[in-house]
2 protein chains.
Amino acid sequence: MDDIDRRLVSLLADNSRISLHELSKKVFLSPPAVSSRIEKLEKSGVIKGYSLRLDLEKLGYSFVAYIELTMEPEQKEKFVDFISENPSVLECYHIAGAYSMLMKVCFDSSSKLYDFVGKLQKFGKTQTQIIFTNIIEARNPRP
Amino acid sequence: MDDIDRRLVSLLADNSRISLHELSKKVFLSPPAVSSRIEKLEKSGVIKGYSLRLDLEKLGYSFVAYIELTMEPEQKEKFVDFISENPSVLECYHIAGAYSMLMKVCFDSSSKLYDFVGKLQKFGKTQTQIIFTNIIEARNPRP
DNA sequence: GATGAAACAGCCGAGCT
DNA sequence: AGCTCGGCTGTTTCATC
């Protein structure tokens, strides 16, 4: 993991469909060299996959929110099962402090968000923060 | 934007490097048809770009946190300038309720996170939530 | 890690349904 | 009009140095 790898990660994070040829010009290496570096980054798990930047609103998800849930530790297993099955949960993190989870969720109506929060209440105490606008969207750390 | 488009988005979100041939098999269309649909999704802005799923810890960022900042509205412009210039801020949302921002940040040391939070205090009151583990990572809404 | 050649995928146009 | 099939171009991959 050297500076060239970091630059490759940064370039791919920006546009993961860039060709090896373009990449090779930018990092002053040959395409096969770039290819083998990317392969190593994938195998080592630095690159976990190739994804999209989506416009959730244009996809019909007008209600995007972060929800913090504070619960008793013994609830965890049932909670993880619950959210794993629930595609409205886009991200979920176990955070420090009181036993808490932070989730990013998306819904196409406020009533569905309301219903979801209601179901979460069974696991613990929630605090919901609805997103108004994206100031900075999912960018990646600098090389 | 029909069910096939939603399925294409879902498949691409899972692996944006999948070939048109593979996609066409999965949605039972021809590769050119898939290609033109993807082009439309890009032009309409549903697909904003092609990115990576990265392991921040393996990239050296052991301290990933969400920080909520509550501030006076007149601070906004200076705040946006500040975070725009700061690559440690991965995401930033304007959230409902008291005039608040929610940021995802990453650092390679706790002292750098501490310094950053210190700088944020100039804009308002902060609440920092450090991520222990990822329960569900950045997946995309179901088709 | 570089080079060159071969395999492959993506793109465009023609013909078909 | 839209899909499928063909050839062409650009991209990736492999063997060799």
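All heavy atoms count here, side chains included; hydrogens, waters and symmetry mates do not. Bear in mind that the values here come from a model prediction, so they are computed numbers and not experimental data. Reminder, nothing fancy here: chain letters follow the sequence lines and each chain counts from 1.
Remark: the backbone N or O of Leu20(A) is paired with a side-chain donor or acceptor of Ser24(A) at under 3.5 angstrom.
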*Any chance you could list the contact pattern along nucleotides 1-17 of chain C? Use B for base contacts, S for sugar-phosphate-only contacts and - for none, protein heavy atoms under 4.0 Å, 5' to 3'.*
SBB-----SSS------

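With rounding to the nearest 0.5 Å, the separation of CG in Leu59(A) from CE in Met1(B) is 4.5 Å.
For Glu74(A), the CD atom sits in a packed shell: over 12 heavy atoms of surrounding residues, nucleotides or ligands are nearer than 6.0 Å. In Lys26(A), the NZ atom is not crowded: 12 or fewer heavy atoms of neighbouring residues, nucleotides or ligands sit closer than 6.0 Å.
For the pair Leu12(A) CG and dT11(D) C1', the computed distance is 15 Å after rounding to whole Å.
Between the side chains of Glu68(B) and Tyr66(B), no donor-acceptor pair is found at a separation under 3.5 Å.
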